[in-house]
Enquirer: 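The structure that follows is given in the form of structure tokens.
Sequence lines set the chain letters: A, B, ... in the order given, protein chains first and strands last, and positions in each chain run from 1.
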Amino acid sequence: MHELTDEVLARRAAAGQLECFEVLVTRHRARVYGLCYRMAGNPEDAEDWAQECFVRLYQQLGHYNPALPFTPWLVRVSSNTCLNLISARSRRRSLAPVGLSDELPSSDENSPAKVVLHRDEQARIEAAVQTLPPLLRQALVLRHQEELSFKELAEALDVPLQTAATRVRRALQQVRERLLKGSE
Amino acid sequence: MVTCRWVVDRLAIYLAGELDPKLADKITAHLVRCGRCSRVAEQLGQTNSQLQDAFQEPIAVPSTLEGRVMAAVSKLPQPVPAPTPSRFGLPVKLAFAAGLILLGFGLGRVQWTARPEIDITSFTQDHRATEMATKPGTQLMSPSFIVYKPEPAGAELCGEQGCRIQSQPVVHLSYQWEGLTISLFELDARKIDLPRLRQQVFDGHCLLVGERGGYSFALWCTGTTHCVLMARTTPEKLLPLASAMIAKNATVGMKS
């Protein structure tokens with residue numbers, strides 16, 4: 001079963017083979033969780049949101065066309081689910097980057113001070129991303145987390161190419177303004 | 001006219017190197033002489049690099065996630081397939097939409113749906129290439145997915161490939177059947193509609209049938225997939241194969 005493609009697994013999962021869906025969850029858990037983490041900004045919400053994304057994916061399997069690649073469809077459903085969850089959740093935010101790997105970089109040149117500075121910078125950037133309006137955050141996260149081209153991003157967001165580009169540009173500008181304010 | 005606003009709106013794509021070369025040249029020329037836009041470009045580039053680095057940080061996935069997901073999903077009913085966008089009947093909503101269109105535009109050409117129609121002749125080129133290349137046992141390039149792969153008795157599946165027709169991704173299965181090369185094309189029914197061909201019921205199956213340039217076509221819809229069967233033969237000879245394919249809707253699997 002593990003040698004089957006995502007599209008075949010999705011088709012079989014839609015027909016009731018739950019073990020096929022489990023394989024899809026295993027394969028894509030890092031992608032979905034990463035997306036949710038970047039959108040939610042904290043590991044607690046990220047896990048809840050990732051569970052919700054997979055539930056939604058399962059419920060929507062009947063609408064998935066196996067003639068089309070599975071991953072873009074998964075990304076689209078997951079990011080739209082996150083958008084819905086953003087609007088539904090409370091204003092409580094935890095910005096500590098607890099979910100980051102605790103492994104230190106292997107280079108001998110990285111002193112503890114550099115590691116601390118790096119983590120502080122990481123936290124500031126993540127906090128800045130969390131201040132973005134949902135649609136801009138979604139565009140930015142998909143662009144950088146999924147490394148989508150602008151054409152792929154426009155397809156994932158189901159918007160014209162220029163709209164996708166404008167959202168990313170505005171997101172970058174707002175993140176920059178936030179980072180500059182934070183350093184004052 | 002190249003204005004600062006026009007340039008700034010396109011800076012993100014420009015900096016990513018994904019802009020049309022002619023437009024990119026215009027932006028480059030503008031940035032050379034406009035200090036303000038040049039600074040905006042530099043700032044966007046810096047922020048973009050910061051974010052690229054930040055998003056490279058690995059994120060630890062909780063070990064409890066899979067268990068939680070499967071526990072939740074196991075309690076759900078089996079996913080319900082989406083309704084088939086059929087043109088063989090006249091659903092109430094289409095009738096209502098048709099009424100609105102008639103009201104708005106008066107009598108005349110009424111388009112049932114905004115989706116483009118399948119142009120059956122546009123499949124001819126791919127089918128001809130298959131006729132030249134295919135013999136029993138020939139293995140064409142395999143696509144990374146199979147949608148609906150019927151193997152009725154007497155028809156040998158010779159190959160499968162992915163291609164694009166009318167800008168749509170298409171699965172093309174080729175068969176040898178009674179000395180004929182047969183092509184079965186599969187497309188996303190949500191993106192493109194079946195054409196207005198002759199409707200025919202055969203063996204209880206509703207199909208659209210047509211002939212063009214010495215080829216016969218049989219079309220039908222299964223789930224979210226439109227199927228186009230074609231061969232260099234008569235419709236009367238093709239219909240039994242189409243009916244057999246619809247009846248033998250084999251489970252999806254990969255070729256070994």
Enquirer: When rounded to the nearest 0.5 angstrom, what is the spacing between CD in Gln122(A) and CD in Gln56(B)?
Expert: 10.5 Å
Enquirer: In terms of heavy-atom pairs under 4.5 Å with chain B, which of Ala50(A), Ala13(A), Ala15(A) leads?
Expert: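 If we count pairs closer than 4.5 Å to chain B, Ala15(A) comes out on top.
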Enquirer: Look only at the side chain of Gln162(A) and the backbone of Asp9(B), and say whether a donor-acceptor pair between them is shorter than 3.5 Å.
Expert: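 Side chain of Gln162(A) to backbone of Asp9(B): a pair is present.
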Enquirer: What's the separation between atom CG in Leu68(A) and atom CG in Asp188(B), rounded to the nearest 0.5 Å?
Expert: 5.0 Å
Enquirer: What's the spacing between Glu146(A) CD and Phe55(B) CZ if we round to 0.5 Å?
Expert: 10.5 Å
Enquirer: Do you know the tightest heavy-atom contact between Ala54(B) and Ile125(A)?
Expert: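 Where Ala54(B) meets Ile125(A) most closely, the heavy atoms are CB-CG2, 3.7 Å.
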Enquirer: Considering non-hydrogen atoms only, spot the tightest contact between Val55(A) and Ala72(B) and give its length.
Expert: CG2-CB, 3.9 Å
Enquirer: Taking all non-hydrogen atoms of both residues into account, name the closest pair between Ala165(A) and Ala12(B) and its distance.
Expert: O-CB, 3.9 Å
Enquirer: Which distance, rounded to the nearest 0.5 Å, do you find between the CD of Glu66(B) and the CZ of Arg29(A)?
Expert: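 These two atoms lie 4.5 Å from each other.
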Enquirer: Please flag which part of Gln60(A) lies under 4.5 Å from any non-hydrogen atom of chain B: side chain, backbone, both or neither.
Expert: neither
Enquirer: Measure the spacing between CG of Asn65(A) and OG1 of Thr225(B) and express it to the nearest 0.5 Å.
Expert: 5.0 Å
Enquirer: Checking Tyr64(A) against chain B: side chain, backbone, both or neither under 4.5 Å from a heavy atom?
Expert: backbone
Enquirer: Check whether the side chains of Arg176(A) and Gln50(B) place a donor and an acceptor atom closer than 3.5 Å, and report yes or no.
Expert: no
Enquirer: To the nearest 0.5 Å, what is the distance between CD (Glu47(A)) and OG1 (Thr64(B))?
Expert: 3.5 Å
Enquirer: Given that the side chain runs from C-beta out, which part of Val129(A) has a heavy atom under 4.5 Å from chain B: side chain, backbone, both or neither?
Expert: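 It is the side chain, since no backbone atom gets that close.
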Enquirer: Examine whether an atom of Glu52(A) lies under 4.5 Å from a heavy atom of chain B, and if so say whether it belongs to the side chain, the backbone or both; otherwise answer neither.
Expert: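 Looking at Glu52(A), nothing touches chain B.
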Enquirer: Please evaluate residues Val32(A) and Val61(B) with respect to the criterion side-chain contact (heavy atoms from CB on, under 4.5 Å), reporting the C-alpha separation (whole Å), side-chain torsions for both, the decisive distance (0.1 Å), and the verdict.
Expert: CA-CA 10 Å; Val32(A) 172; Val61(B) 181; over 6 Å; no
Enquirer: Determine whether His144(A) and Asn48(B) make a side-chain contact, defined as any pair of heavy atoms from C-beta on separated by less than 4.5 Å.
Expert: yes
Enquirer: Checking Val8(B) against chain A: side chain, backbone, both or neither under 4.5 Å from a heavy atom?
Expert: both
Enquirer: What part of Lys191(B) is in contact with chain A, defined as an atom under 4.5 angstrom from a non-hydrogen atom: side chain, backbone, both or neither?
Expert: side chain
Enquirer: Looking only at heavy atoms and a cut-off of under 4.5 Å, which of Thr26(A), Leu61(A), Val168(A), Thr166(A) has the most pairs with chain B?
Expert: Thr26(A)
Enquirer: Can you check whether Tyr58(A) reaches Val69(B) side chain to side chain, under 4.5 Å on heavy atoms?
Expert: no
Enquirer: With a 4.5 Å limit on heavy-atom distance, are the side chains of Gln174(A) and Thr47(B) in contact?
Expert: no
Enquirer: Could you go through Ile59(B) and Gln145(A), starting from their C-alpha distance and side-chain angles, then the distance that decides it, and tell me whether this counts as side-chain contact (heavy atoms from CB on, under 4.5 Å)?
Expert: CA-CA 11 Å; Ile59(B) 299 171; Gln145(A) 182 74 11; 4.1 Å; yes
Enquirer: Which bit of Leu18(A) is near chain B, if near means a heavy-atom gap under 4.5 Å: side chain, backbone, both or neither?
Expert: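 For Leu18(A), the contact with chain B is made by backbone and side chain together.
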Enquirer: Using a strict threshold of under 4.0 Å (side-chain N to carboxylate O), is an ion pair present between Arg143(A) and Glu18(B)?
Expert: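 Judged by the 4.0 Å cut-off on N to carboxylate O distance, Glu18(B) and Arg143(A) do form a salt bridge.
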Enquirer: Ignoring hydrogens, what is the shortest heavy-atom contact between Leu65(B) and Tyr33(A)? Give both atom names and the distance.
Expert: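 Smallest interatomic distance, heavy atoms only, reads CD2-CB, 4.2 Å.
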Enquirer: Please find the pair of heavy atoms, one from Val73(B) and one from Phe21(A), that lie closest to each other, and give the distance.
Expert: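 Looking at all heavy atoms of both residues, the closest pair is CG2-CE2, 3.8 Å.
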Enquirer: What part of Asp48(A) gets closer than 4.5 Å to chain B, counting heavy atoms only: side chain, backbone, both or neither?
Expert: both
